[in-house]
Amino acid sequence: MEEREINLIDLLVDIMLHWRGILAFMLIAGIAMGGFSYVRSGRNSGTAVSSKGSDPKEEWEDEEAYREFLEEELTEPEKISVYSVLQSEKQYQDTLDYINNSVLMQADPQKVEKAELIFNVAAEDPGMTISLTNLYDALTTGTGFYEWLADKNDMSSFEVSELISVRRQSGILVIEGSEPEIVGKDTLKITILHADQKKCKALAASVIKYLDSQHDKLVQTVGEYEIELVDQIFSTVMDVSLTNQQNSYNNTALSLMSSIANAVEAFTDDQKALYYLMKGEDVEEREEDKKEEETSDSETETAEPKPVRPAAPSVSLKYVILGMFLAVFVYAFVLFCRYVFNGKLRATDNLGELYGISQLGLIPGEQEKKKFLGFVDRWILSLRDRNKRKFTAAEAMELAAAAVKISAGKNMLDTVYLIGCNLKEGALELCGQVKAKLEQENIQVQVLDNVLYNAETLEQLETAKGVVLVEKVGSTLYTEIAKELELLKRQEIRVLGGIVVE
């Protein structure tokens, strides 16, 4: 016997022919998973904090215990989503505070008051000039400078730090011969921006006063030097960079606000409960406030909010589809295993390919026309039998009898034995029809059943010269056919071929 191979088309047809069982199993699995989702949603709606029912925090000793319960109920990605929204809210609030409190954010970029103070720093030693300029650069960008100006102008040091900028420029280095020489004085430029002209000028005066006070102190430490206010310019300008800065902060705030709103809207009940709990807000009060905001401004009466029933448990379509998909997979896997490990003859098997004997005929079984939606089964079978001639059982029997007659004639036999195992469910009836047909042609036929298991039947093979195997699809085992062939070979009985009966 040759090794059997899996026919993918035959396997697919075998699975598709069980479509009724697959649909039934899908329905059962879908109902089961739907019931599971219903129970799960009912449990969640009964425990989650929601404005649609009573506050479940009353069932817990404190908020900390309730928070721990919610964190255990939520998955890690769900908790991360809540924490991410809380962090985004903090960032949004910080951005909003800066926009509302910053002088520059409140200023009109088309009309910005600007003061420019230019100082020259000079000493007898060029190296000392550079050092002094570095020192003044450090002084005018330090915390002490901002706090001094803030105290004198009734402002915060934060406001001062964003209104003032400092830029320095050293003298020109000239190399004559082997000795380098610095030509010119070091320049210190201080720029002040403000939305109010008076405050801008007041800040400029304070800067000049501060530098004068520092000059008196530094002379005692580093020696004589000069710091001279070369020019001071006050003007109203349009600041493009300030426009871009304001737009950037406003867009950031709007983007954060939109992402926060969308994320909270997509939260589950448990996520909302944890979210409002960590914010220190009550979910029920929050939802009621939201409803009040959505009411029309024309309503003047403040009626007490109507109580809403708790959210009813619902069936999740996702679980139903998942259950049906798994049902198809499991059912198909079982059919695949049954197909692979099935040791019985199939309708698509060819005796010539498996055992090296001629297949004299394939007798189709009677189709159950009264079966529910039987046309679907016939269409599926047509996929397997495509490009093949269709014969009725009677026509196939006539062809098989003719093939047996021809084979017997070529081997000069006037008696043929039809043998097999488990000749039932139409196989014996077929053998009777073939026998009647051949006896009309003066060929004697003997029908022997269960030759492997019946001693009396086996003894009748003693006088046999030629036999035809008659095997039943789904009943005869491959090993039984192999044993029959081995028996006939041992008894030196010629095998004319085989007939397969569906």
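Heavy atoms only: backbone and side chains are in, while hydrogens, waters and symmetry mates are out. We count residues from 1, following the sequence as given.
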Below 4.5 Å, heavy atoms only, C-beta onward: do V160 and W148 meet side chain to side chain? no
Identify, with sequence neighbours excluded, every residue that meets salt bridge (Lys or Arg N to Asp or Glu O under 4.0 Å) alongside K209. none
Exercise: identify the closest heavy-atom pair between A107 and A195: CB-CB, 3.7 Å
D154, CG atom: more than 12 neighbouring heavy atoms under 6.0 Å: no
Got a donor-acceptor contact below 3.5 angstrom from the E480 side chain to the L477 backbone? yes
Pairwise side-chain contact, S131 with L135, heavy-atom cut-off 4.5 Å (strictly under): no
Would a distance-only check, ignoring hydrogens and angles, find a side-chain to backbone donor-acceptor pair under 3.5 Å from Q271 to E78? yes
T348: what forms a side-chain hydrogen bond (donor to acceptor under 3.5 Å, both in side chains) with it, not counting sequence neighbours? D10
Counting distance only, does the side-chain N/O of D108 pair as donor-acceptor with the main-chain N or O of Q110 below 3.5 Å? yes
Given 3.5 Å as the limit, does a donor-acceptor pair link the side chain of Q87 with the main chain of S84, or not? no
Is a donor on one side and an acceptor on the other found under 3.5 Å between the side chain of S248 and the backbone of N244? no
Do N120 and L188 have side chains that get closer than 4.5 Å, going by heavy atoms? no
Do any N or O atoms from the side chain of D137 and from the backbone of T133 form a donor-acceptor pair under 3.5 angstrom? no
Identify the two heavy atoms, one from A115 and one from A204, that lie closest to each other, and give their separation to 0.1 Å. CB-CB, 4.3 Å
Sole candidate of D231, T140, L229 that passes side chain to side chain contact (heavy atoms under 4.5 Å, CB included) when paired with F119: L229
Got K189 and E116 here, is their nearest side-chain heavy-atom distance under 4.5 Å? yes
State, without any angle test, whether Q93 and D97 hold a side-chain donor-acceptor pair at a distance under 3.5 Å. yes
Value rounded to 0.5 Å, distance of CG in L23 from NE2 in H18: 13.0 Å
How far does OG1 of T191 sit from CD1 of I118, to the nearest 0.5 angstrom? 8.5 Å
Parallel, tilted or perpendicular, judged at 30° and 60°: which one describes the rings of Y98 and Y249? tilted
Using side-chain heavy atoms (C-beta onward) and a distance below 4.5 Å, is Y276 in contact with V264? yes
Where is the tightest heavy-atom contact between L104 and Q246, given as atom of each residue plus distance? O-NE2, 2.8 Å
For the pair V222 and L132, evaluate side-chain contact (heavy atoms from CB on, under 4.5 Å) and give the outcome as yes or no after the intermediate values. CA-CA 9 Å; V222 301; L132 285 169; 3.7 Å; yes
Write down the atom of Q214, the atom of Y136, and the distance for their closest heavy-atom approach. C-OH, 4.2 Å
Test item: N153 and E159 side chains (from C-beta on) under 4.5 Å apart, heavy atoms: no
Looking at S102 and I99, would you say the former's side chain and the latter's main chain have a donor-acceptor pair under 3.5 Å? no
So how far is it from M324 CE to I22 CD1, rounded to the nearest 0.5 Å? 11.5 Å
Test side-chain contact (heavy atoms from CB on, under 4.5 Å) on D14 and N342 and set out the steps. CA-CA 12 Å; D14 185 70; N342 180 27; over 6 Å; no
Establish, yes or no, whether the cationic atom of R346 lies under 6.0 Å from the six-membered ring centre of Y339 and within 45° of the ring axis. yes
Determine, step by step, whether Y478 and K344 satisfy the side-chain contact (heavy atoms from CB on, under 4.5 Å) criterion, reporting the C-alpha distance in whole Å, the side-chain angles of both residues, the deciding distance to 0.1 Å, and the verdict. CA-CA 6 Å; Y478 293 108; K344 296 180 180 179; 5.6 Å; no
In plain terms, say whether E113 and K199 are close enough for a salt bridge, that is, a side-chain N and a carboxylate O under 4.0 Å apart. no
Output yes when a side-chain donor or acceptor of R167 lies under 3.5 Å from a complementary backbone atom of T187, and no otherwise. no
Is I15 close to L11 at the side-chain level, that is, under 4.5 Å between some pair of heavy atoms? yes
Please check if the side chain of S213 supplies one atom and the backbone of Y210 the other of a donor-acceptor pair under 3.5 Å. yes
Heavy-atom count check: over 12 atoms from other residues, nucleotides or ligands less than 6.0 Å from Y83 OH? yes
For T243 and P109, work out which heavy atoms get closest and say how close. OG1-CB, 3.1 Å
How long is the span from the CG atom in L242 to the NZ atom in K114, to the nearest 0.5 Å? 11.5 Å
Which atom pair, heavy atoms only, marks the closest approach of A123 to Y225? CB-CB, 4.0 Å
For side-chain contact (heavy atoms from CB on, under 4.5 Å), just list the numbers for N262 and S258, CA-CA rounded to whole Å, side-chain angles, deciding distance to a tenth of an Å, and then say yes or no. CA-CA 6 Å; N262 292 335; S258 175; 3.7 Å; yes
For F36, enumerate each residue passing the ring-ring contact (aromatic ring centres under 6.0 Å, His included) test, keeping only those at least two apart in sequence or located in another chain. Y319
Would you mind checking if K79 and E71 are paired as a salt bridge, meaning a charged N to carboxylate O distance below 4.0 Å? no
Between the CZ atom in F234 and the CD atom in Q197, the distance rounded to the nearest 0.5 Å is 9.0 Å
Less than 4.5 Å apart, any side-chain heavy atom of V328 and any of M26? yes
Side chains of T268 and D270, donor plus acceptor under 3.5 Å: no
K472 side chain to E502 main-chain N or O, any donor-acceptor pair under 3.5 Å? yes
Looking at F158, I'd like to know if its CZ atom is crowded, meaning that more than 12 non-hydrogen atoms belonging to other residues, nucleotides or ligands lie closer than 6.0 Å. yes
How long is the straight-line distance from CE of M278 back to CG of L86, given to the nearest 0.5 Å? 5.5 Å
